[in-house]
Q: 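Let me give you the structure first, and then I'll get to my questions.
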Amino acid sequence: MSKEGYLLSSVKNAMKILRLFSVEEPELGVTQIASKIGLSKSSTHRLILTLLKEGYIVKNKDNSRYRLGLSLLALSGVVINHMEIHRESLPILKDLVKHLGETVHINVLEGNNVVYLHKVECNHPVPLLSGIGKRNPAYCSSAGKVILAYQKKELINKVLQSELSSYGPGTITNPQKLRENLLEIKHKGYSISIDELHEGVVSIAVPVRDYTEEVIAAISVVGPKHRMSEPRFENYVQILNRAGEKLSIQLGCIETVKTR
């Protein structure tokens with residue numbers, strides 16, 4: 001078996017182990033696990049050691065059996081957060097389209113990319129710009145930058161140290177200029193991107209916070225430059241900010257978010 005095939009097989013078997021645990025069987029021993037997934041005890045033990053190291057399972061020292069670890073709880077929290085954002089944002093996005101007349105999105109950050117979690121189109125959308133589940137580089141979209149601006153320095157540095165390719169004539173590819181842009185966005189509380197991801201396109205985004213008051217998403221509006229002209233930017237920002245504050249409160253953020 002090739003190295004790639006071996007790794008893929010190991011990942012599949014590790015997933016099988018995690019799926020064995022249930023409410024009825026919250027703890028399992030090595031022999032039980034090996035029998036259930038059809039592997040030798042030695043191979044099973046190697047997989048268990050890896051899962052232990054990453055915190056996906058933990059060992060009960062009293063009986064030497066294993067149970068699911070807290071790392072999975074962190075992952076489930078991400079899924080639940082996304083589901084809650086998806087559910088709570090739809091009425092707000094629909095209302096935004098009525099007021100702004102352009103397509104709006106709810107976006108989340110995954111790694112170095114921004115992902116479109118939800119989308120409500122206007123009557124005359126710009127084709128092929130976005131879609132639910134689509135990923136775009138965070139550094140050249142208004143949504144990606146407004147989320148990124150509030151993240152920890154380690155993540156920001158990681159993005160700045162990556163390859164900053166040009167997607168549109170307005171893409172910022174200089175790391176220092178991008179860092180300054182992110183600081184400016186954090187200071188203002190919103191992001192405006194012109195010709196960055198696509199030429200001739202404007203997008204404006206504001207942050208969304210959860211109950212921890214951390215920025216976990218962004219609401220953005222996107223449209224062509226001839227419709228989203230600069231004199232209208234202030235109005236877009238004001239309406240988006242009210243929507244961002246409303247969604248943040250619905251996600252459990254205290255109302256002091258309005259004073260940030």
Q: Under a 4.5 Å cut-off applied to non-hydrogen side-chain atoms, are E184 and N181 in contact?
A: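 Side-chain contact under 4.5 Å: yes.
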
Q: Between L100 and L240, is there a side-chain heavy-atom distance shorter than 4.5 Å?
A: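 SC-SC contact between L240 and L100 confirmed.
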
Q: Kindly compute the distance separating CG (L155) from OH (Y150), expressed to the nearest 0.5 Å.
A: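 Interatomic distance, L155 CG to Y150 OH, rounded to 0.5 Å: 15.0 Å.
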
Q: CD1 of I204 to CG of N235: how many Å apart, nearest 0.5 Å?
A: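 I204 atom CD1 to N235 atom CG measures 9.5 Å (nearest 0.5 Å).
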
Q: What's the spacing between Q161 CD and N112 CG if we round to 0.5 Å?
A: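 The CG atom of N112 is 10.5 Å from CD of Q161, to the nearest 0.5 Å.
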
Q: How close do S248 and P207 get, counting heavy atoms only, and between which atoms?
A: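 Shortest heavy-atom contact: OG-O, 4.4 Å.
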
Q: Please, which pairs that meet salt bridge (charged side-chain N to carboxylate O under 4.0 Å, His left out) have at least one residue in residues 25-39, sequence neighbours excluded?
A: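 Sorted pair list: E25-K36, E27-R67.
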
Q: Would you say that T103 contacts K119 through its side chain, given a criterion of any heavy-atom pair below 4.5 Å between the two side chains?
A: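 Yes; the side chains approach each other to less than 4.5 Å.
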
Q: According to salt bridge (charged side-chain N to carboxylate O under 4.0 Å, His left out), does anything in residues 143-171 pair up with another residue at least two apart or in another chain? List the pairs.
A: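 Listed by first then second residue: K145-E196.
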
Q: Decide yes or no on side chain to side chain donor-acceptor pair (under 3.5 Å) for S141 and N136, but give the supporting numbers first.
A: CA-CA 8 Å; S141 70; N136 281 317; over 6 Å; no

Q: How long is the gap from OG on S142 to CG on N107, to the nearest 0.5 Å?
A: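 S142 atom OG to N107 atom CG measures 7.5 Å (nearest 0.5 Å).
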
Q: Quick one: closest heavy-atom pair of D195 and G200, and the distance?
A: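 That would be OD1-N, 2.6 Å.
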
Q: Quick one: side-chain contact (heavy atoms from CB on, under 4.5 Å) partners of T31, sequence neighbours excluded?
A: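 Residues passing side-chain contact (heavy atoms from CB on, under 4.5 Å) with T31: K41.
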
Q: Using the rule that Ile, Leu, Val, Met, Phe, Trp and Tyr join whenever any side-chain heavy atoms are under 4.5 Å apart, tell me whether I239 and V97 fall into a single cluster.
A: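 Same cluster.
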
Q: Would a 4.5 Å heavy-atom cut-off, applied to side chains only, mark V222 and L197 as touching?
A: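 Counting from C-beta outward, V222 and L197 never come under 4.5 Å.
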
Q: Within the supplied structure, the quantity of interest is the number of heavy atoms (other residues, nucleotides, ligands) at a distance under 6.0 Å from N123 CG; does it exceed 12?
A: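 Check fails, neighbour count at 12 or below.
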
Q: Evaluate V159 against L182 for side chain to side chain contact (heavy atoms under 4.5 Å, CB included), listing each step before the verdict.
A: CA-CA 12 Å; V159 172; L182 293 175; over 6 Å; no

Q: Looking only at non-hydrogen atoms, find the nearest pair between S191 and I185 and report the distance.
A: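 Looks like OG-CD1, 3.5 Å.
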
Q: D95: which residues meet the salt bridge (Lys or Arg N to Asp or Glu O under 4.0 Å) condition with it, sequence neighbours left out?
A: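 For D95, no residue satisfies salt bridge (Lys or Arg N to Asp or Glu O under 4.0 Å) once neighbours in sequence are set aside.
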
Q: Any heavy-atom pair between the side chains of P224 and E102 that's under 4.5 Å?
A: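 Yes, their side chains come closer than 4.5 Å.
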
Q: Side chains of residues 47-55: which donor-acceptor partners sit under 3.5 Å, not counting sequence neighbours?
A:
residue, atom, partner, partner atom, Å
T50, OG1, R46, O, 3.3

Q: Are T171 and T173 linked by a side-chain donor-acceptor pair shorter than 3.5 Å?
A: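 Per modelled atom types, T171 and T173 side chains form no pair under 3.5 Å.
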
Q: The test is side chain to side chain contact (heavy atoms under 4.5 Å, CB included); show your working for I17 and L28 and say whether it passes.
A: CA-CA 10 Å; I17 291 175; L28 297 166; over 6 Å; no

Q: Might you work through the side chain to side chain contact (heavy atoms under 4.5 Å, CB included) test for L90 and V120, ending with a clear yes or no?
A: CA-CA 8 Å; L90 183 56; V120 178; 3.9 Å; yes

Q: CG/L117 to CG/L93 distance, rounded to the nearest 0.5 angstrom?
A: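 That separation rounds to 9.5 Å.
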
Q: How close do M228 and V221 get, counting heavy atoms only, and between which atoms?
A: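 M228 and V221 have their closest heavy atoms at CE-CG1, 3.9 Å.
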
Q: List the residues meeting salt bridge (Lys or Arg N to Asp or Glu O under 4.0 Å) with E199, not counting sequence neighbours, and say none if there are none.
A: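 Once residues adjacent in sequence are excluded, E199 has no partner under the salt bridge (Lys or Arg N to Asp or Glu O under 4.0 Å) criterion.
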
Q: Any non-hydrogen side-chain atom of S165 less than 4.5 Å from a side-chain atom of Y139?
A: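 Counting from C-beta outward, S165 and Y139 do come under 4.5 Å.
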
Q: Identify the heavy atoms of E110 and R135 that sit nearest to each other, and give their distance.
A: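 E110 and R135 have their closest heavy atoms at OE1-NH2, 2.9 Å.
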
Q: To the nearest 0.5 Å, what is the distance between CD1 on I219 and CG on L96?
A: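 Reported to 0.5 Å precision, the distance equals 6.0 Å.
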
Q: Looking at side-chain heavy atoms only, is the closest gap between P175 and L164 below 4.5 Å?
A: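 Sidechains of L164 and P175: in contact.
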
Q: Should V215 and L178 be counted in the same cluster of Ile, Leu, Val, Met, Phe, Trp and Tyr side chains packed under 4.5 Å apart?
A: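 Yes, because V215 and L178 connect within a single hydrophobic cluster, where side-chain heavy atoms sit under 4.5 Å apart.
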
Q: Under 3.5 Å, side chain of E214 to main-chain N/O of D210, donor-acceptor pair present?
A: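 No.
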
